[in-house]
Amino acid sequence: MKPRVRTAVLVSGGGTNLQAIIDKSAEGAIPSAEIVVVISDREGVYALERADKAGIPSEVVPFKETGRGEFERRLAAALESRGVEMIVLAGFMRILSADFTAHYPNRILNIHPSLIPSFCGEGFYGLKVHKAALDYGVKVTGATVHFVNEIPDGGRIIMQKAVYIDDNDTPETLQKRVMREAEWVIYPEAIEKAASEIRRSK
Ligand code: GAR
């Protein structure tokens, strides 16, 4: 049997998607990937505690003090030292450069809380995405897992799931429902799908 795909999860915040991935992995639903490290671009975020509780090594590679160039050099070093083959962005709020993404073609996954190509691209992240959907007045939104390339939210789509909007939704209630009904469901599935393809090609 070929070894599991060594996977890093990159986070910036609360890490509920990370938790869903950890839980599904513990249930045996992501047999093709092994989470070898969780990396945050900021100190003190709850996602780091989630990693700790699950016994997964974690690192902070700070972005703010250094800027993107130095951040990406340090990130690449951390990934290489751990033999990482696949990168999962889970609420990671930085845009990676074209240079960086070119090193990992079809090896970086992201989840975005809308049905791409709606409400996506630079400036659309977190609650802002849900606010934009409500302001526009769409009646259906959802989540998308896609590969990451040099275009923000522009890489090939792996999986999507739709969620209906209620008349009295706020950005907060909608965010929560999109997470529960779509993100936490499709991200583990999409990770297994991508990892099993990488594993087969090893
Ligand atoms: C999630 O809704 C994720 O889809 C979104 O941020 C939230 C992070 O939550 N990501 C983006 O907006 C990326 N453009 P989490 O830290 O609890 O997983």
Side-chain angles (χ1 to χ4, degrees), residues 7-25 30 35 37-54 56 58-61 63 68 71 75 87-97 100-101 108-136 138 140-163 165 169-191 194:
T7 303
V9 183
L10 270 55
V11 296
S12 299
T16 65
N17 277 288
L18 168 67
Q19 191 65 56
I21 297 161
I22 289 171
D23 293 347
K24 283 290 170 185
S25 192
I30 315 180
I35 306 172
V37 68
V38 170
I39 298 177
S40 171
D41 66 308
R42 48 187 97 157
E43 302 268 2
V45 298
Y46 191 60
L48 291 167
E49 264 180 60
R50 294 183 192 272
D52 229 35
K53 283 185 188 144
I56 301 165
S58 67
E59 274 185 46
V60 176
V61 180
F63 186 101
R68 193 161 76 172
F71 169 77
L75 177 61
I87 302 168
V88 167
L89 310 184
F92 178 69
M93 297 302 176
R94 304 287 178 188
I95 291 174
L96 296 166
S97 72
F100 188 93
T101 57
I108 311 177
L109 277 66
N110 182 45
I111 188 149
H112 182 77
S114 75
L115 294 174
I116 289 176
S118 290
F119 314 116
C120 64
E122 217 159 336
F124 285 97
Y125 57 87
L127 274 178
K128 288 183 190 208
V129 180
H130 303 293
K131 185 169 184 312
L134 291 174
D135 286 349
Y136 197 96
V138 293
V140 181
T141 184
T144 303
V145 180
H146 63 93
F147 286 115
V148 174
N149 63 8
E150 71 287 356
I151 302 158
D153 298 325
R156 180 156 59 86
I157 290 172
I158 303 167
M159 222 172 256
Q160 291 187 303
K161 190 162 191 273
V163 172
I165 292 180
D169 261 327
T170 63
E172 289 77 11
T173 61
L174 186 57
Q175 179 183 52
K176 195 80 219 197
R177 216 168 53 259
V178 167
M179 283 175 158
R180 204 177 45 234
E181 290 181 12
E183 297 188 44
W184 304 338
V185 178
I186 63 171
Y187 214 4
E189 287 176 19
I191 290 166

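Just so you know, ligand 1 is whichever comes first in the structure, and atom 1 is the first atom listed for that ligand.
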- Message: Strictly under 4.0 angstrom, heavy-atom based: which residues surround ligand 1?
- Response: G14, G15, T16, N17, G91, M93, I111, H112, P113, F124, Y125, G126, M179, E183

- Task: Ignoring hydrogens and angles, tell me if any N or O in the side chain of Q175 forms a donor-acceptor pair with the backbone of G126 under 3.5 Å.
- Result: no

- So Y136 and F119, would you call those rings parallel, tilted or perpendicular, with 30° and 60° as cut-offs? perpendicular

Side-chain donor/acceptor pairs under 3.5 Å, residues 10-21, sequence neighbours excluded:
residue: S12; atom: OG; partner: D41; partner atom: OD1; Å: 2.7
residue: S12; atom: OG; partner: M93; partner atom: N; Å: 2.8
residue: T16; atom: OG1; partner: W184; partner atom: NE1; Å: 3.1
residue: N17; atom: ND2; partner: E183; partner atom: OE1; Å: 2.9
residue: Q19; atom: OE1; partner: R50; partner atom: NH1; Å: 3.2
residue: Q19; atom: NE2; partner: D23; partner atom: OD1; Å: 3.0

- Query: Is there a side-chain contact between F63 and R68, using heavy atoms and a 4.5 Å cut-off?
  - Reply: yes

- Message: Using the rule side-chain hydrogen bond (donor to acceptor under 3.5 Å, both in side chains), only one of H130, R177, K176 pairs with D169; which is it?
- Response: R177

- Message: Restricting to non-hydrogen atoms, name the atom on S114 and the atom on T141 that form the minimum distance, rounded to 0.1 Å.
- Response: CA-OG1, 3.9 Å

